[in-house]
There are 2 protein chains.
Amino acid sequence: MNTDLTRQIRKLNQAHAYTTIHLHEAVGRKAGLPGTDHKYLGFLLQKGPMTAGELSALSGLTTGAVTGLIDRFEKKHLVKRQFDKTDRRKVIIAPNTQKIMALLEPLYKEYRRQSEQLIASFSAQELHIIEMYLSKSIDIMNETMHTLNDK
Amino acid sequence: MNTDLTRQIRKLNQAHAYTTIHLHEAVGRKAGLPGTDHKYLGFLLQKGPMTAGELSALSGLTTGAVTGLIDRFEKKHLVKRQFDKTDRRKVIIAPNTQKIMALLEPLYKEYRRQSEQLIASFSAQELHIIEMYLSKSIDIMNETMHTLNDK
DNA sequence: TAATTTTATCTTAGCAACTAAGACATTTAG
DNA sequence: CTAAATGTCTTAGTTGCTAAGATAAAATTA
């Protein structure tokens with residue numbers, strides 16, 4: 001095992017996280033989404049429809065803040081409030097994926113093109129290694145979050 | 001080239017970004033940092049000391065918002081305002097790395113341990129592939145940001 | 001079943017952080 | 001030396017947040 005290489009990867013991973021957040025921030029701003037709305041829109045895109053309460057738990061926002069958040073999204077037709085047939089207290093927030101994509105895709109278009117090019121530059125065998133790294137990284141991050149939320 | 005694998009990596013990369021942002025959010029909340037302060041603290045950690053104006057440009061916040069941001073950080077001794085000797089209008093924001101680490105490290109400790117374990121599970125050759133992927137991804141994200149800020 | 005408790009979202013009041021505009025001090029340019 | 005430009009801060013007004021409680025529906029209990 002190469003310790004220098006290990007450290008370097010750790011640093012790179014940190015820089016990667018930082019840059020991811022920075023880009024996400026910049027795109028949100030460019031899309032005219034106030035504050036951190038891009039972040040929560042991402043939650044909805046990633047997880048799909050969920051109730052207001054689930055979004056509250058997921059985002060860490062109070063239910064009151066989530067009400068306002070949905071109002072802002074709904075005004076822009078980015079999500080729709082739907083009512084649960086079996087439990088009429090619940091409000092299901094359904095992302096309007098098309099509308100959201102129409103907003104964000106132009107901003108990510110060039111990024112996506114270059115990402116695909118990068119991916120294409122690796123062999124299938126290499127991609128499997130990258131796949132392993134990414135998926136296990138995700139697992140670790142998710143586990144960290146669970147631990148954080150527990151204590 | 002395997003198209004399915006390409007798509008899968010793209011999806012994984014997206015999920016990785018989402019999870020990164022989500023974890024970052026959760027840590028900030030746990031650390032008692034209001035709103036998006038963790039994000040901008042990360043900018044300072046990553047880039048090192050910078051002027052208030054530079055942070056404003058980097059973060060996209062107005063100079064007024066940055067003044068408030070620095071005030072909050074300074075009150076917690078996470079950064080220090082220093083005055084540029086050659087240009088006394090400038091305010092250099094120096095992150096107190098020790099203090100910031102003391103705040104964040106306990107929250108990241110377990111994550112870091114597991115990350116190192118994950119890295120150690122790869123061979124040097126495999127790590128070079130991962131290194132290549134991460135560093136090129138960073139380059140692409142940075143380029144995307146430049147393009148976004150230009151138009 | 002009716003009354004009670006719990007659950008899910010929304011509303012309200014007050015607060016914190018943001019923007020836009022301009023003030024102030026300093027530096028640079030003419 | 002004066003005028004313009006630059007870098008940060010201040011102020012007023014707006015927006016989004018939290019905390020607490022209101023409202024409505026569902027689940028529980030007697």
Side-chain angles (χ1 to χ4, degrees), chain A residues 21-22 24-44 47 49-76 78-95 149, chain B residues 21 24-26 28-44 47 49-76 78-95 149:
Chain A
I21 289 161
H22 195 180
H24 202 264
E25 150 89 32
V27 168
R29 208 167 277 277
K30 216 60 185 173
L33 293 169
T36 54
D37 281 13
H38 185 208
K39 180 159 61 182
Y40 302 123
L41 203 55
F43 286 17
L44 281 164
K47 299 279 186 190
M50 64 181 78
T51 66
E54 283 165 351
L55 182 56
S56 169
L58 192 66
S59 64
L61 295 174
T62 60
T63 59
V66 168
T67 299
L69 182 67
I70 304 170
D71 286 347
R72 290 195 298 279
F73 284 155
E74 215 172 27
K75 206 171 284 177
K76 294 179 177 176
L78 297 175
V79 309
K80 231 181 188 161
R81 274 186 173 89
Q82 291 174 346
F83 299 93
D84 192 315
K85 299 248 159 69
T86 64
D87 184 344
R88 288 184 309 169
R89 291 168 306 178
K90 288 187 178 170
V91 168
I92 297 170
I93 312 160
N149 290 333
Chain B
I21 288 162
H24 202 265
E25 149 88 32
R29 208 168 276 277
K30 217 60 184 172
L33 294 169
T36 54
D37 282 12
H38 185 209
K39 180 160 59 183
Y40 302 123
L41 203 54
F43 286 18
L44 281 163
K47 298 280 184 188
M50 63 181 79
T51 66
E54 281 165 351
L55 181 56
S56 168
L58 194 65
S59 63
L61 295 174
T62 59
T63 60
V66 167
T67 299
L69 182 68
I70 304 170
D71 287 348
R72 290 195 298 279
F73 284 154
E74 216 173 27
K75 205 170 285 178
K76 295 181 177 176
L78 297 175
V79 309
K80 231 182 187 160
R81 275 187 173 88
Q82 291 174 345
F83 298 94
D84 192 315
K85 300 248 159 65
T86 62
D87 183 343
R88 291 182 306 168
R89 290 168 306 177
K90 287 187 179 171
V91 167
I92 297 169
I93 312 161
N149 291 333

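Lettering of chains follows the sequences in order, A, B, ..., and the numbering in each one begins at 1.
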Tell me whether the OP1 or OP2 atom of C:dC24 has a side-chain N or O from B:R88 closer than 4.0 Å. no

Rounded interatomic separation in angstrom, taking [atom1] from [X] and [atom2] from [N]:
X: A:Y40; N: D:dG16; atom1: OH; atom2: P; answer: 13 Å
X: A:K75; N: D:dT15; atom1: NZ; atom2: P; answer: 9 Å
X: B:K85; N: C:dT26; atom1: NZ; atom2: C1'; answer: 17 Å
X: B:L61; N: D:dC9; atom1: CG; atom2: P; answer: 14 Å

Base versus backbone protein contacts along nucleotides 5-16 of chain C [heavy-atom cut-off under 4.0 Å; B, S, -]: --BSBBB-----

For B:D37, is there an ion pair with B:R29 - N to carboxylate O distance below 4.0 angstrom?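 B:D37 and B:R29: not salt-bridged.
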
Does a side-chain heavy-atom distance below 4.5 Å link [X] with [Y]?
X: A:F83; Y: A:I92; result: no
X: A:L44; Y: A:Y40; result: no
X: B:F43; Y: B:E54; result: no

Note: for A:T36 and A:T86 on DNA chain D, the residue whose nearest nucleotide lies more 5' is A:T36

Taking NZ in B:K76 as the centre, count heavy atoms belonging to other residues, nucleotides or ligands within less than 6.0 Å. Is the count above 12? yes

Hey, can you tell me if A:H38 and A:H24 have their rings parallel, tilted or perpendicular (30° and 60° cut-offs)?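 Rings of A:H38 and A:H24: parallel, as their planes differ by under 30°.
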
